[in-house]
Amino acid sequence: QVHLVESGGGLVQPGGSLRLSCAASGSITFFSIMGWYRQAPGKERELVATIGSGGRINYGDPVKGRFTISRDNTKNTVDLQMNSLKPEDTAVYYCNIKDFRGNYWGKGTLVTVSS
């Protein structure tokens, strides 16, 4: 079983920055995709960013140019640096890992962008 724990969420003003971290433990496979998804109240969960074990990265269109994802395969961590935050970035951010066995999710961390 895979266990994911997010940290770093909080309240930030528009235009500000925040860094989220996720630590994975358990039966982690070498070939995996780690990433971040978010869900705002009343809306569907959407892609923020993913990064493969070899470093291939995909960003959701709303965050391109503002967010940066990175991972450390030795420590089994994935981080999300969020810059130029907007009120519409407000959501619960979930860490995710995907491999041939399936999808695994963290419990989420709340990010609120407001003045």
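Keep in mind that the numbers below use all heavy atoms, side chains included, and drop hydrogens, waters and symmetry copies.
- With rounding to the nearest 0.5 Å, the separation of CD in Gln13 from CG in Leu18 is 12.5 Å.
- The nearest pair of heavy atoms linking Ala49 to Leu80 is CB-CD1, 4.4 Å.
- Interatomic distance, CD1 of Ile51 versus CE of Met34, reported as 9.5 Å (0.5 Å rounding).
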Between Val78 and Cys95, is a side chain to side chain contact (heavy atoms under 4.5 Å, CB included) present by the stated rule, with each step listed?
-> CA-CA 8 Å; Val78 57; Cys95 183; 3.7 Å; yes
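- Counting only heavy atoms from C-beta outward, the side chains of Tyr59 and Ile69 approach each other to under 4.5 Å.
- For the pair Arg66/Lys86, a side-chain contact is recorded, criterion being any heavy-atom separation below 4.5 Å from C-beta on.
- Residues Thr29 and Ser32 come closest through the heavy atom pair O-OG, 3.6 Å.
- In terms of heavy-atom proximity, Gly108 sits nearest to Val92 at CA-CG1, 3.8 Å.
- With a 4.5 Å cut-off on side-chain heavy atoms, Ser27 and Val2 count as touching.
- Note on Leu110 and Val5: separate hydrophobic clusters, where clusters join Ile, Leu, Val, Met, Phe, Trp and Tyr whose side-chain heavy atoms are under 4.5 Å apart, directly or indirectly.
- Between Val111 and Asp89, every side-chain heavy-atom pair lies at or beyond the 4.5 Å cut-off.
- Of the inter-residue distances, the one linking Ile28 atom CD1 with Asn76 atom CG reads 5.5 Å to the nearest 0.5 angstrom.
- When all heavy atoms of Thr50 and Ile33 are compared, the closest pair comes out as CB-CG2, 3.7 Å.
- Sorted by first then second residue, the salt bridge (charged side-chain N to carboxylate O under 4.0 Å, His left out) pairs that include residues 11-31, not counting sequence neighbours, are Arg19-Asp79.
- The two residues Gln81 and Ser17 make their nearest non-hydrogen contact at NE2-CB, 4.0 Å.
- Shown here for Leu20 and Met82, the closest heavy-atom pair between the two residues is CG-CE, 3.7 Å.
- Side-chain polar atoms of Asn58 and Arg56 form no donor-acceptor pair below 3.5 angstrom.
- Leu47 and Leu85 end up in different hydrophobic clusters when Ile, Leu, Val, Met, Phe, Trp and Tyr side chains are linked at under 4.5 Å.
- In this structure, the salt bridge (charged side-chain N to carboxylate O under 4.0 Å, His left out) partners of Asp99, at least two apart in sequence or on a different chain, are Arg101.
- Glu88 CD: more than 12 foreign heavy atoms inside a 6.0 Å radius.
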Take Phe67 and Trp36 through the ring pair (Phe, Tyr, Trp, His ring centres under 6.0 Å) test and state the conclusion after the steps.
-> CA-CA 11 Å; Phe67 292 9; Trp36 292 90; over 10 Å; no
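- Sorted by first and then second residue, the ring pair (Phe, Tyr, Trp, His ring centres under 6.0 Å) pairs involving residues 68-100 (not counting sequence neighbours) form an empty list.
- Within a 6.0 Å radius of CD in Gln39, other residues, nucleotides and ligands contribute more than 12 heavy atoms.
- The salt bridge (charged side-chain N to carboxylate O under 4.0 Å, His left out) check on Lys43 picks up nothing, with sequence neighbours excluded.
- In this view, Arg45 satisfies the salt bridge (charged side-chain N to carboxylate O under 4.0 Å, His left out) rule with no residue, not counting sequence neighbours.
- The side chain to side chain contact (heavy atoms under 4.5 Å, CB included) test applied to Ser114 returns Leu11, Thr112, not counting sequence neighbours.
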Apply salt bridge (Lys or Arg N to Asp or Glu O under 4.0 Å) to Arg38 and Glu46, showing your working.
-> CA-CA 6 Å; Arg38 67 187 184 185; Glu46 66 177 6; 2.6 Å; yes
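- Inter-residue side-chain proximity for Ser53 and Arg71 is flagged as met; some heavy-atom pair is nearer than 4.5 Å.
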